[in-house]
Amino acid sequence: MSRTPALLVTGADLAGGGAGDVLVVDGTLRAVGPDAAAEAPAGVQRLDADGLVLLPGLVDLHTHLREPGREDAETVETGSQAAAVGGFTAVLAMANTTPVTDTAEVAETVHDLGRRAGYVDVHPVGAVTKGLAGEELAELGLMARSRARVRVFSDDGRCVHDARLMRRALEYVKTFDGVVSQHAQDPRLADGTACCHEGELSGRLGLPGWPAVAEETVVARDVMLARHTGSRVHVAHVSTAGSVEVVRWAKAQGIAVTAEVTPHHLMLTEAEVAGYDPTFKVNPPLRPHEDTLALREALADGTIDAVATDHAPHVRQDKEHAFADAAFGMLGLETALPVVSTVMVAEGLMTWADVARTMSTTPARIARLSDQGQGLAVGAPAHLTLVDPTRSHTVDRALSRSLSRNNPWHGRRLTGAVHLTMLRGRVTAREGLVWGADS
Ligand SMILES: [Zn+2]
């Protein structure tokens, strides 16, 4: 990689810790704090960041990049660009591609496509079961030992609902300090046609729904399996107040459980579904307002460890159907930080230090990424995200870097915008523009 010139970022709020300077030399944080300017070499480039917040590069535990197989919806390159624009420096790419990421070969392919694109570190998630079929364990050990060093395993999109298989997966990943990320949803507690939250509203709309308990029973079972095996379990996209209660209880027992919440479950409720707009069809579904409030509280108090996007691009033909027939999922990479800023920081529920914890440090730790999430520490790789905390903007889906347009935030006003993203000291995105592609 070519050497980047030394850069002095001045006057930024350092992840909620007060104003200071940061000196970047050779892709590394060389100095942080009041004395950083004194250590800068002559002729150093300066970036005036007065009024901006400097965060460690964001890490997304849950992204669907669609490549291989559905390059019409997203590629590793376009998804990486969207991630960089959104302030991310690393993403975990889910395994439900075609072919499924259930072998070392596919994991290495995705990993290498990420390196070639070069905008963010792309870490493939390995499937728990072959073909996501829920019958036989995938090549967990081979994926872990591959060049892609897979540590997170998930059948996301589907639940590993066989308890025996889940137990074996947990025992297996423990041998290399991996984690199973569970899409908690008991398929037997919902009709195969379920497409929204089961409740009074779904009854009125005539749509089949998932009850909250379909998620909560699997979360409860899995934390007990984690206790039994002494292994780590991660709950993907927690969406109900009951799941939060279970996770809170499990953590109090010392069980190694972590959990993530999506920006859409923090901000949007089932009320969006009333217009039958498939843009708001997502799995797990948008829930009632009480759940949204419980999720915000749990993220703020640390019960939920991380924000993860569940960025799920879909082409128009798959999304523009009657609600019951449309594909599940919504875009999220470019809007995650603004949504968290709007719903958590601007509302006084979280500080920027909390954002750094839930969107960078902790997700990197959960995924055991050695090169990410080290915060603004001297010697850490210069993965940086500069945020303008007060800038409001109205989301326009046409401006997305993603190949898809299923954007639930279109037309919404959000407060807080990503100004610049840097990966190993190199600017990858600035004001929505992508380095190398737009400049
Ligand atoms: Zn999922």
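Atoms within each ligand, like the ligands themselves, are counted from 1 in listed order.
Restricting D156 to its N/O/S atoms, the shortest distance to the Zn ion (ligand 1) is reached by OD1. Here the N, O or S atom of H183 that is nearest to the Zn ion (ligand 1) is ND1.
Atom OG1 of T75 sits about 7.5 Å away from atom CD of Q81, to the nearest 0.5 Å.
The Zn ion (ligand 1) has no N, O or S atom of D310 under 2.8 Å away, backbone or side chain. Using a cut-off of 2.8 Å, one finds that H237 contributes an N/O/S atom close to the Zn ion (ligand 1).
Defined by atom type and a distance below 3.5 Å, a donor-acceptor pair is missing between the side-chain atoms of T394 and D396.
Ring geometry, H62 versus H237: the interplanar angle falls from 30° to 60°, so the pair is classed tilted.
Figure legend: R426 and W435 shown as a cation-pi pair, the cationic atom lying under 6.0 angstrom from the six-membered ring centre and within 45 degrees of its axis.
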